[in-house]
Asker: 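Sharing a structure below in structure tokens format, with a few things to ask.
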Amino acid sequence: MLTAEYPPFRPLSFCSGPHQQTIGAFLAPGRMSGHKAVKHVVSLSDGDRLVIHDDQPRSWITGDRIAVLFHGLCGCHGSPYIVRTSDKLRRAGIRTIRVDMRGFGDSALISRSHAHAGCSQDVGSIIRFLDGISPLSRISLIGFSMGANIVLKAIGEWGEHFPLNVDSAIVVAPPVCLMSTSANLRSYGNRIYDRYFTARLKKQLQMRRRHVKGLVDVNLRQVPDRLIHFDDQFTAPVWGYSGAREYYESASCGPLMKYVQIPTVIVTSRDDPIVPFEIFDRFEMSSNIEMVATGSGGHLGFLARGDTDPDRFWLDWRIAKWVGAIDDVP
């Protein structure tokens, strides 16, 4: 198993708290260095569709490595952490696929259904699509937050029967127990994130109800203002669950981590204000999983002093260097 090199994370002196890290990294710009991606529409196993953004370096040839990036809740291919990471990978010669999950980004008007934290079947559809583009390429899966849960759930479900072209995964801040994560969002001090996510989801749903023909929907006129109620009254029933509890239990990747057979790294912070660190101790982990837990960093934050990397984005460099080193292992 490839063991990554992780220099200590030392937060910016003026941005060391969990909320400062989380919000600071979210507001930090993400810019592709003079490159435009090619869009592909991927057909999914249930007949729906989503859009992926294909960033191919000039030096890349058929058979070289591909990295697939899955965003978090309310994110998309243009989220700063996705763009920054993709740019670093592309500059290292790795072809990157930035996924717009159902209902988000450029998939908003293409998909008829809605993404949720357990959409692991979509990972398989994307892998099959990429196998048709470059059947000799090895694939690394990269997930952030909700996307990290989806990736971990997929490879846990695959167990020993994983696609042979997928040989690695790195996931950041996966909410391995959605019930606990939801409760944490309702706690004092974290409700800003709860309200932000719900406001974004409401706005997105209203827009898609106006513009998407055949949108999968439920008879919910008054959309709730809290995430637990949104999941209970919309996300769960639209996917056939009885309510939020059944949805959270079914979609959480935690119970599946013991079945992971692909070399996988989990990167998380002990002070994450969204995903409580203690939930990782509740589940058995496969020996194929390497856990990297920093003392600080917030949720998808990791804004560092910049003394170990070319810029302050510690997380982006860890992902780029880990994926870039895979093919160097004898």
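Given the structure is predicted, the values throughout are model-derived calculations rather than measurements.
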Asker: Indicate yes or no for a side-chain donor-acceptor contact from Tyr81 to the backbone of Phe144 under 3.5 Å, with no hydrogens or angles considered.
Answerer: no

Asker: Should Arg138 and Asp327 count as an ion pair when the cut-off is N to O under 4.0 Å?
Answerer: no

Asker: What distance do Cys74 atom SG and Arg200 atom CZ have between them, rounded to the nearest 0.5 Å?
Answerer: 5.5 Å

Asker: With distance as the sole test, does Ser252 use its side chain to make a donor-acceptor pair with the main-chain N or O of Gly254 at under 3.5 Å?
Answerer: no

Asker: Give me the atom names and distance for the closest heavy-atom approach of Gln233 to Pro224.
Answerer: OE1-CG, 3.6 Å

Asker: Any ion pair linking Arg128 and Asp131 (charged N to carboxylate O, less than 4.0 Å)?
Answerer: no

Asker: What residues, two or more places apart in sequence or in another chain, satisfy ring-ring contact (aromatic ring centres under 6.0 Å, His included) together with Tyr248?
Answerer: none

Asker: Between Ile66 and Asn165, does a side-chain contact (heavy atoms from CB on, under 4.5 Å) hold up when you go through it step by step?
Answerer: CA-CA 10 Å; Ile66 297 174; Asn165 55 344; over 6 Å; no

Asker: When you measure from the side chain of Ser107 to the backbone N and O of Val51, does any donor-acceptor pair fall under 3.5 Å?
Answerer: yes

Asker: Not counting sequence neighbours, which residues clear side chain to side chain contact (heavy atoms under 4.5 Å, CB included) with Glu249? List them please.
Answerer: Arg245

Asker: Do Arg98 and Asp55 meet the salt-bridge criterion of a basic N to acidic O distance under 4.0 Å?
Answerer: yes

Asker: State which residues pass side chain to side chain contact (heavy atoms under 4.5 Å, CB included) with Asp48; sequence neighbours excluded, sorted by chain then number.
Answerer: Leu44, Asp46, Arg102, Ser111, Arg112, Ser113

Asker: Evaluate the criterion side-chain contact (heavy atoms from CB on, under 4.5 Å) for residue pair Gln56 and Val38; output intermediate values, then yes/no.
Answerer: CA-CA 8 Å; Gln56 181 176 324; Val38 175; over 6 Å; no

Asker: Of all heavy-atom pairs between Pro18 and Thr22, which one has the smallest distance, and what is that distance?
Answerer: O-OG1, 2.7 Å

